[in-house]
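Model, not experiment: these values are computed from the prediction. Values reported hereafter were calculated over all heavy atoms of this structure, with side chains retained and with hydrogens, waters and symmetry mates removed. Below, chains carry the letters A, B, ... as their sequence lines are ordered, and counting in each starts from 1.
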Amino acid sequence: MMEDLHLSTGHELKVLMRDGLESAKILDALYARIDVLDSKIGAFALVNRKAHRRPGGGTLDGIPVLVKDNICVKGEDTTCSSKILKGFKPPYDATVVRRLKEEGAVLIGKANMDEFAFGSSCETSCYGPTRNPWDLERIPGGSSGGSAAAVASDETIMALGSDTGGSIRQPAALCGVVGLKPTYGRVSRYGLIAFASSLDQIGPITKDVEDAALLLGVIAGYDEMDSTSVDIPVPDYATSLASDVKGLRVGVPKEYFVKGIDREVEAAVKRSINVFKDLGALVVDISLPHTEYAVSAYYIIGPAEASSNLARFDGAHYGYRAPDAKNMLDMYVRTRSEGFGREAKRRILLGTYCLSSGYYDAYYLKALKVRTKIKEDFDNAFKFCDIIVTPTSPTPAFRIGEKANDPLAMYLSDIFTIPANLAGLPGISIPCGFTRSGLPIGLQIMAKPFAEETIFRAAYTFERNADIEKRKPKL
Amino acid sequence: MNYETVIGLEVHLQLNTVTKVFCGCSTKFGQKPNSQTCPVCLGLPGSLPVLNETAFLFGIKVALALNCGIQSLIKFDRKNYYYPDLPKNYQISQYDMPLAYNGFVDIPANLTGLPKRIRILRVHLEEDAGKLIHPEREGHSLVDLNRTGIPLLEIVTEPDMNSPQEAYDYLTRLKSILEYLKVSDCDMEKGSLRCDANISIRPSGESKLGTKIELKNMNTFKGVKSSLEYEVKRQATVIDGGEKLFQETRLWDADKMITLSMRSKEEATDYRYFPEPDLVPFSVDKAFIEKIRQRLPELPEAKIRRFMKDYGLSEYDSNVLAGQSEIAEYFERCAQVYENRKAIANWITGDIMAYLKTQGASPADLGVSPESLAALLKMIDKGAISGKMAKEILSEAIETKMAPEKIIADKGLSQISDSGKLEEIVMQVISKNERSVKDYRSGKKNALGYLVGQIMKETKGAANPEIVNRILEKALEARQ
């Protein structure tokens, strides 16, 4: 029993600790697991070997949590898996990290990620790629690939990711775990190193829905340090975990079941919709007519904001500085040329171009208009349904290198997750089956802003009733 | 050829809030480099701005005092450019929706100009940048980010000024309004008020504007005026010489009193403005604006009119007194306890303001309270001291910060107006100076001056000269 502690969920460990289990035993089990596995998987950017339980108790007392490498932890390397931030140790904690510490969580390390969260495959990290625990030749998804892979391989109990266009939900789907992107404004972004400020949101990646609710309850809430956080009371998410979807209106958008979607994925999602129907939910056909423009709008708004957010990495104040620069301009050029990877440069260039005088109206302004249309689509749809159910990703995990040189194909892997970011909606990905070759498939459930409780109820009910095989990756 | 000058001004004003515009750091001037910083104003990764409500409130106050319309939705934008004094490499500013717009400032008539309305194009709120220090011959530069994030208000006029004097008058009136609102130190030398100018000239009668030149690096209002005067002449010389002007930015060299080219328009940067996603736009309640409007203090123009009406002062005196809120306040405190307002105005606009100007001091630093000044003036009226003595007492009181009443008492300086006592002295002087008395009586009338001098000597200058004259003449006539 004891040697299997790493397999447990957070809520299971809470019970065990109440009965006398020492949290150090959990850490020992995880360190042993990390030592054996992580050289193969590469989920960690940094392992905190000195992690320990803090005095004071709390909701997550003694429970190990892995934090994505773009979330500031005071005094610990926080690099966004980029050379340009190598050695950067923030002098402050992100609000979510402060809350984790206050609730007794044990911070076990920093999770590997796509550089600055630019990617859907976790291949662009300066620490090397993260591999999918279900098939080490495949990507774990991204950008929170390290967080998802570590949860799937039981190298951590829970993890935090960040989601700008699907970066929590897509890797959760591809790794067969639960990943929630909360409503924009539900969780403070203070201390999250920004990719696209109007889209970014921190959220939990966990082994089951109950843990996701537990972790969200800790990190959610208004923060006076983040003007975009919203002052709405945080409900007790545990009470929303009722196994009942009778009368719940489940919207199925026709635009999410078209060309390019993997047949096995489509079949698994359709089976899942029938599960809801069998459990007494009402399935409604809906339309989100502007879905096809979401990816284009996202790849303008995201890079535009990123080009400005990443301007501060110039070698002048912290992080990497190119040696032997001849003058200030030379320092800027060389630091940024050497410090950023290819995808980061691609997005900075794209965003800079879109914001340039003469192009702003045609690109950025137009993208904002599309964004408004997509929001309106959802507003209309939610008149007819309570949740919207779709595939999380059009395909299961693809091979490492398969799309690395085809940015457009890569960008399309977020086709079903991007709309929730543009509209600011909450969305979860939960496991809904496996392909014949044994790769996990994810089901996405979206709801109205601040309706995380509805999402949890639907996801929890599905998890309890769907008869999805409980498998662990063979490692 | 005769030219018409067209000038527009851009003022950057540091607001004197206690904390910075997007974080809780102190705005105190002159502290140890980088001691007043936090993750937010250092632009550290992950930090986020939160708007300081007081800075916003100050902005609204200024906007209302400048007769502007207020934007119904407040939104911020990012202005992107790279410079080490700007740690995020973008400045949070306002672009297409400034805090306020379409206002005006009326400048008063003066010796060289006419009263005139200067339109305000826009007023917007933004954050200040840090400071670069370049140690000589050390091959590196230093960055001080204490100033980073201090709230700045940018106030931009339409090109409504037609002479350097009008530009000077506009700045003077603007500063006066800002001082009344108590929203800024308005100290150009400390950089809390900075001014750039746009100037062009065109042949008189021509409707098309000439080539615009931007002037920077002026550190005083006089410098603004001088640089504009220089530019008017320079531009006219260029055009008269058959050459063309090109759009550029020029720097004022206050030592050489010339402007020098800094960069041409072609090198102008694209700031790639876009809405600041870290600050949520918010709407402004009309009732809130009205509340602020009602709480605005009386502004210079209203005060000038009131001074003319209530105290019967001239327009000139009213302008001078109301030009600085502290002077106006000093005057009014004095006027409450002393009736002769013209006399108060003369003393303040004369001796007191001259002293303040040479010392660069404010009325608060003055050792003489308005009540003491009033007491001094009353003593002149009563004949207790002479006007000349009052001047000396005032200057000594200012120097030593001693109350004028005490100086008078300590030195026994009060004027001798007691006729009985003076008569006694006059008699003594007459008996001691028989020759002069003889001279006077034989028609040498200037002997009188000598005798008065002797009386003054005897009384150490404290004798009331009018009474002395009267008694002396009477005594000399009587003896005949």
Novice: Starting at CG of A/D314, measure out to CG of B/N89 and round the result to the nearest 0.5 Å.
Specialist: 4.5 Å
Novice: Do you know which two heavy atoms are closest between A/Y184 and B/P277, and how far apart they sit?
Specialist: OH-O, 4.2 Å
Novice: Would one find more than 12 heavy atoms of other residues, nucleotides or ligands at under 6.0 Å from atom CD of B/E290?
Specialist: yes
Novice: Under 4.5 Å heavy-atom distance to chain B, tell me which part of A/M331 shows up: side chain, backbone, both or neither.
Specialist: neither
Novice: Are there more than 12 heavy atoms of other residues, nucleotides or ligands under 6.0 Å from atom NZ of A/K375?
Specialist: yes
Novice: Under 3.5 Å, is there a donor-acceptor pair between the side chain of A/R312 and the main chain of B/G43?
Specialist: yes
Novice: Around B/F56, counting heavy atoms of other residues, nucleotides and ligands shown, do more than 12 lie under 6.0 Å from its CZ?
Specialist: yes
Novice: Should A/M328 and B/Y83 be marked as a side-chain contact (heavy atoms from CB on, under 4.5 Å) after you check the CA-CA gap, both sets of side-chain angles, and the distance that decides it?
Specialist: CA-CA 9 Å; A/M328 191 178 79; B/Y83 210 64; 3.9 Å; yes
Novice: Report yes if some heavy atom in the side chain of A/S227 is under 4.5 Å from a heavy atom in the side chain of B/F22; otherwise report no.
Specialist: no
Novice: Any side-chain heavy atom of B/F274 within less than 4.5 Å of one from A/E305?
Specialist: yes
Novice: Do B/L48 and A/R189 have side chains that get closer than 4.5 Å, going by heavy atoms?
Specialist: yes
Novice: Of the backbone (N, CA, C, O) and the side chain (C-beta and beyond), which part of A/F313 lies under 4.5 Å from a heavy atom of chain B, both, or neither?
Specialist: side chain
Novice: What do the steps show when you test B/D278 against A/Y190 for side-chain contact (heavy atoms from CB on, under 4.5 Å), and what is the final call?
Specialist: CA-CA 10 Å; B/D278 289 330; A/Y190 189 75; over 6 Å; no
Novice: Under a 4.5 Å heavy-atom cut-off, does chain B meet the side chain of A/N309, its backbone, both or neither?
Specialist: both
Novice: Does any backbone or side-chain atom of A/Y332 lie under 4.5 Å from a heavy atom of chain B? Answer side chain, backbone, both or neither.
Specialist: side chain
Novice: Check whether A/Y92 reaches the backbone of B/L44 with its side chain - one donor and one acceptor, N or O, closer than 3.5 Å.
Specialist: no
Novice: Got a donor-acceptor contact below 3.5 angstrom from the B/D270 side chain to the A/S356 backbone?
Specialist: no
Novice: Does B/V50 form a side-chain contact (heavy atoms from CB on, under 4.5 Å) with A/E224? I'd like the steps, not just the answer.
Specialist: CA-CA 8 Å; B/V50 176; A/E224 60 179 19; over 6 Å; no
Novice: Would you mind checking which part of A/T352 comes under 4.5 Å of any heavy atom in chain B, side chain (CB onward), backbone (N, CA, C, O), both or neither?
Specialist: both
Novice: Under the criterion side-chain contact (heavy atoms from CB on, under 4.5 Å), I'd like the reasoning laid out for A/S197 against B/R78: C-alpha separation, chi angles, the key distance, then a yes or no.
Specialist: CA-CA 12 Å; A/S197 315; B/R78 289 187 187 176; 3.7 Å; yes
Novice: Can you name the nearest heavy-atom pair linking B/P275 to A/Y364, along with the distance?
Specialist: CD-CE2, 3.8 Å
Novice: What do you reckon, is OH of A/Y359 surrounded by more than 12 foreign heavy atoms closer than 6.0 Å?
Specialist: no
Novice: How about OH on A/Y360, more than 12 heavy atoms from neighbouring residues, nucleotides or ligands closer than 6.0 Å, or not?
Specialist: yes
Novice: More than 12 non-hydrogen atoms from neighbouring residues, nucleotides or ligands closer than 6.0 Å to NZ on A/K373, yes or no?
Specialist: no
